[in-house]
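Beneath this line is the structure, given in structure tokens, with notes to follow.
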Amino acid sequence: MGVYDYTSVEKKWQDKWVKENTFAAKQDFTLPKYYALVEFPYPSGDGLHVGHPRSYVALDAVARKKRLQGYNVLYPMGWDAFGLPTENFAMQHHIHPEIVTEKNVSRFKSQLQSIGLSFDWTREVNTTDPSYYKWTQWIFIQLFKHGLAYKKEMNVNYCTGCKVVLANEEVVNGFCERCGSPVVHKTKSQWMLKITEYANRLIDDLDDLDFIERVKTQQKNWIGRSYGAEVNFTSTEGDKITVFTTRCDTLFGATYMVLSPEHALVRAWLENGIIKNADEVKAYQEEAAKKSDFERTELAKDKTGVCLKGVAAVNPVTEQEIPIYISDYVLSTYGTGAIMAVPGHDTRDWEFAKKFDLPIIEVVAGGNVDEAAFTDCETGILVNSGFLNGLSVEEAKKAMFAWLEENGIGHRQVNFKLRDWVFSRQRYWGEPIPMTYCDKCGWQPISEDELPLLLPEIKDFEPGEGGESPLARHTEWVNTVCPCCGGPAKRETDTMPQWAGSSWYFLRYMDPHNDQALASPEALAYWGPVDWYNGGMEHTTLHLLYSRFWHKFLYDIGVVPYKEPYKKRTSHGMILGMNPRAFVNMSKKDQDALVAEYGSEEAAKKALVEKYGEMAEHPIVKMSKSLKNVVNPDDIIRDYGADTLRLYEMFIGDFEQAAPWSTSSIKGCKRFLDRIWQLQDILIDGDEYRPELEAAFHRAIKKVTSDIDSLKANTAIATLMALVNDIVKTGATNKKEYHTLLMLLNPFVPHITEELNQICGLSGELSQQAWPEYDEAKCIDSAVEMPVQINGKLRSRITVPTDSDNDTVLAAAHADEKVAAAIEGKTIVKEIVVKNKLVNLVVK
RNA sequence: GCGGGUGUGGUGGAAUUGGCAGACACGCUAGACUUAGGAUCUAGUGGGCAACCAUGCAGGUUCAAGUCCUGUCACCCGCACCA
């Protein structure tokens, strides 16, 4: 039948699918539904790289299989198109971001279509479309009306590169997650969202979800719930100093206190002249304020601080006076910004106490507090602790809670690491925040029937130097009337962060053209929640957490009928590339040249590390533009075809694991497809599996069916390769077999399978057929080959009828020549037969 | 430091409840067909001449361990002075 012309065949089917909307979800809400979702991309100017399709193809296979199994499948795609790179590109090239976005979207879309993904393109959404962001703004207004959006003057992370405020989640080691510029602190008035209000539910509700474990633990750690107590100390000046502690059992061992340098009491005491060493204290405060987050963590090992002279605290349980220090190891943003220090049983306090020569009292026996803090809560027994003596840590905590409450000194308290979400960005290319400020009425949302509040068309979207939004310069837009009193008011000029539009997009797919609501209640009830959501690990504490928060809020106000947006969450591993700077990846010629230059291979490698950093030691690294090791899917499709690309991405390895791209391995996938193509030459009639292949087919159906659902496409494909090998060995295949094979392959390689099915006239379009069924009873061959072990070592193999009883199997084993020779003259101690698996004879 | 994960041929990776380690593929070797081969096909391919030895390392349980238990090492990812 000649060579397979993948280019024209793939084009033919892709055009047909787009033209006929073959994969559009049906509006029939009585059918069983399945909602498969992949994270919609940010349409950057670079186009797709081979990492994108890994996620898309995996769920495409799931979606295609579910359709064949009779589900009404929603598998949508859209564009998360607001964001900085587009805006930066637009500024550099003096093109409006809207035009840049449009261009990028059309490139992405044609790339996705050239992969043959079965997206429902009738439901495409775009976060920058006013008919979409109308509802993003609407949700913000609801958040405001329910007290979950508030404006606050606060210390924020400010990226010196992007000139924009960042959320905590966007700061990595003190640097901007996106551009890598240092992040500094600034005080700015910001819109905040009270995600902390949902902290408990965001943790607790994880229990019922089918999320991969690392996503759950990462979210839990990020939210960082800890159970403890708030305890009130008093100062010698009569102030109440509240601390948070998880170890109230150690209160008798609190020998000093530490406040964060920013603590309000320190400011008050300085103002009142209570602190005698004010200069020293002020100097330390300034020093601490200057440090970036990065410096603060870098210097973490070495404790610094200043003792406040002229004021002390009283330990409420010992009634002893203890000194008060300020130190930047106490964070103003966690707990109460103040701690009771128990050097005997907290590592940080211990280090601090050693450095400042403070008393260390052992209150939990079991370690040696002179050498190190004893932090074991399991085995320790309370000592030197009055009424707690002799108790375990757990018991002592309970007793202390009771004592604190009885005496009005403290109470149980739960604290979180999670901070409220900084929601303002001083940028142009984002959703306008639909709020106005009036001197009389304060902040007011604009009337909901004025939504969407359109982003005004402006030309100068450079950010202001002082970190001011570009919109602020457009007074004709800024000046408006107060929706409350009708007086003069000003619009909010900050825009929403990139995460806004993606926090609810999966709901819009359910009913994307609705102009009365973000989606109809019927559509929301039918399609939700998302059955399977796949996306990157990097979004675990960003998009994934944010969207769970918004969803819970929408649930609370009755918009959505279920409290979690996603039933199941998985995460694909990255596709890695060759590191051209690693010695082992260089051509022989370049290696020789380097060896010649530096004298030896070792010296050459060392020189590379000096030149490029440690990275030069790793042969496999992330793909990046700077290394020029990015593989473009367009090239792969041109050289091998979309089906080969799809097959390879699924075959490359464990889906959850990172995998290096290999240009040679991909050939194996191409070869396999060519063999599938060639099978048509040996096609014979027949509408039943031939006996010699029947069991193999039933097993393959079973394996592929379950493997697609458990993200093991690699083994599903291996099974199909083995099946093809078996078929080829028989020298022929019949129509029934070929059709089943093409059906099983269809979710992975839809083009070639549809084409072969059509050429050979096997059935109507595969996309309209029913998924093959298997019969458990027929998965088993009539005879099995069983290994025979003597003392656990393989000695021979016997073939017996399947499900033979032990006596039959043993008789066959003993009849075997090699076995007989091996046990010659030995005593049989034990005979083990595992049905259909193996025989083991234990001899002496 | 805390949390999560991974260690299997030259490479990517397979191995239901413990039950033939290395499926499937890449690469490599030899051969065939070819003017040619970076195409295709056939055969071979963990190590060792063998007995045997092999799943990071050291023990243990078991008739039987990649899988279970104890200890240990290495690497990767996330968080990181969170009281």
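Only heavy atoms go into these numbers, but all of them, side chains included; no hydrogens, no water, no symmetry mates. Letters go in sequence order (proteins before strands), and every chain restarts at 1.
A donor-acceptor contact closer than 3.5 angstrom is absent between the side chains of A:Asn415 and A:Ser226. Residues A:Asn200 and A:Arg225 bring a donor and an acceptor atom of their side chains to less than 3.5 Å of each other. Between the side chains of A:Thr304 and A:Tyr325, no donor-acceptor pair is found at a separation under 3.5 Å.
Note that CD of A:Glu785 is 12.0 Å distant from CG of A:Leu838, once rounded to the nearest 0.5 Å. We find the CG-CD1 distance between A:Leu202 and A:Ile223 to be 5.0 Å, quoted to the nearest 0.5 Å.
Comparing B:G9 with B:A23, their P atoms sit 13 Å apart, to the nearest whole Å. Between B:A50 and B:U6, the distance separating the two P atoms is 36 Å to the nearest Å. Atom name C1', nucleotides B:U17 and B:U62: the rounded distance is 16 Å, in whole Å. Of the C1' atoms belonging to B:C49 and B:G12, the separation is 32 Å, rounded to the nearest Å. For the P atom pair drawn from B:U55 and B:G22, the interatomic distance equals 14 Å after rounding to whole Å. Comparing the C1' positions of B:A15 and B:G59 gives an interatomic distance of 25 Å, to the nearest angstrom. Between B:C53 and B:A65, the two P atoms lie 12 Å apart (nearest whole Å). With P as the reference atom, B:A21 and B:G13 are 23 Å apart, rounded to whole Å.
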Using atom names, set out every protein N or O paired with an N or O of nucleotides 45-52 of chain B below 3.5 Å, distance rounded to 0.1 Å.
residue	atom	partner	partner atom	Å
B:C52	OP1	A:Arg795	NH2	3.2

Under 3.5 Å between N/O atoms: give me all the protein pairs with nucleotides 24-27 of chain B, atom names plus distance.
residue	atom	partner	partner atom	Å
B:A25	OP1	A:Asn725	ND2	3.4
B:C26	OP1	A:Arg671	NH1	2.5
B:C26	O2'	A:Ser664	OG	3.1

Distances under 3.5 Å only, N/O to N/O: pair up the protein atoms with those of nucleotides 3-9 of chain B.
residue	atom	partner	partner atom	Å
B:G3	O2'	A:Asn221	ND2	3.4

I'd like a table of atom pairs between the protein and nucleotides 15-18 of chain B - only N or O on both sides, under 3.5 Å - with the distance next to each one.
residue	atom	partner	partner atom	Å
B:U17	O4	A:Lys837	NZ	3.2

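For B:G9, the base is syn relative to its sugar; the glycosidic angle is within 90° of 0.
Distance CD1 (A:Ile575) to P (B:G13): 11 Å, rounded to an integer number of Å. At whole-Å resolution of the value, CG in A:Leu259 and C1' in B:C81 are 16 Å apart. Taking atom OH of A:Tyr334 as the reference point, atom P of B:A80 lies 13 Å away to the nearest angstrom. To the nearest angstrom, P of B:C76 lies 19 Å from CD of A:Glu538. Distance CD1 (A:Ile652) to P (B:U11): 16 Å, rounded to an integer number of Å. Between the CZ atom of A:Phe244 and the P atom of B:C81 there is a distance of 16 Å, given to the nearest Å. Rounded to an integer number of Å, the gap from NZ of A:Lys835 to P of B:C20 is 18 Å. What separates CG of A:Asn415 from C1' of B:A83 is a distance of 9 Å, to the nearest Å.
The side chain to side chain donor-acceptor pair (under 3.5 Å) analysis of residues 828-839 of chain A, with sequence neighbours excluded, yields the pairs A:Asp803-A:Asn836, A:His814-A:Glu831. Within the structure, every pair that satisfies the salt bridge (Lys or Arg N to Asp or Glu O under 4.0 Å) test and touches residues 705-715 of chain A, not counting sequence neighbours, is listed here: A:Lys65-A:Asp709, A:Lys703-A:Asp707.
Between A:Tyr256 and A:Phe352, the distance separating the two ring centers is shorter than 6.0 angstrom.
A cation-pi contact, defined as under 6.0 Å to the ring centre and within 45° of the axis, is absent between A:Arg569 and A:Phe211.
When each of B:G19, B:C20, B:A83 is scored by its nearest atom to the side-chain atoms of A:Ile339, the top-ranked nucleotide is B:A83.
Here A:Asn714 does not reach the OP1 or OP2 of B:G12: none of its side-chain N or O atoms lies under 4.0 Å away. The side chain of A:Ser226 places an N or O atom within less than 4.0 Å of a non-bridging phosphate oxygen (OP1 or OP2) of B:A83.
Looking at residues two or more places apart in sequence or on another chain, you find a side-chain hydrogen bond (donor to acceptor under 3.5 Å, both in side chains) between A:Lys355 and A:Asp302. Remark: A:Asp349 pairs with A:Tyr329 by the side-chain hydrogen bond (donor to acceptor under 3.5 Å, both in side chains) rule, at least two apart or across chains. Checked against salt bridge (Lys or Arg N to Asp or Glu O under 4.0 Å), A:Arg54 has no partners two or more places apart in sequence or in another chain. In terms of the ring-ring contact (aromatic ring centres under 6.0 Å, His included) criterion, residue partners of A:Tyr648 (sequence neighbours excluded) are, by chain and number, A:Trp661.
The shortest side-chain heavy-atom distance between A:Val231 and A:Thr242 does not fall under the 4.5 Å cut-off. Two residues are said to be in side-chain contact when any heavy atoms from C-beta on lie closer than 4.5 Å; A:Pro316 and A:Asn232 fail this criterion.
With salt bridges taken as basic N to acidic carboxylate O contacts below 4.0 Å, none links A:Asp674 and A:Arg671. Using a 4.0 Å cut-off between charged side-chain N and carboxylate O, A:Lys702 and A:Glu776 make a salt bridge.
Within a 6.0 Å sphere centred on NZ of A:Lys778, other residues, nucleotides and ligands contribute 12 heavy atoms or fewer. The number of heavy atoms from other shown groups lying within 6.0 Å of CE (A:Met537) is above 12. In the displayed structure, A:Lys622 atom NZ is contacted under 6.0 Å by at most 12 heavy atoms of other residues, nucleotides or ligands.
In RNA chain B, runs of at least 3 consecutive Watson-Crick or G-U pairs, each pair with both distances below 3.5 Å, span B:1-7 with B:73-79, B:10-12 with B:24-26, B:27-32 with B:40-45, B:56-60 with B:68-72.
Among the atoms of the strands shown, only primed sugar atoms or phosphate atoms (P, OP1, OP2) are found under 4.0 Å from some heavy atom of A:Asp654.
A residue-by-residue look at A:Gly224 and A:Ala659 shows that A:Ala659 has its nearest nucleotide of RNA chain B further toward the 5' end.
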> How does protein reach along nucleotides 63-71 of chain B, written 5' to 3' as B (base within reach of a heavy atom under 4.0 Å), S (only sugar-phosphate), or - (no contact)?
Replying inline: B--------
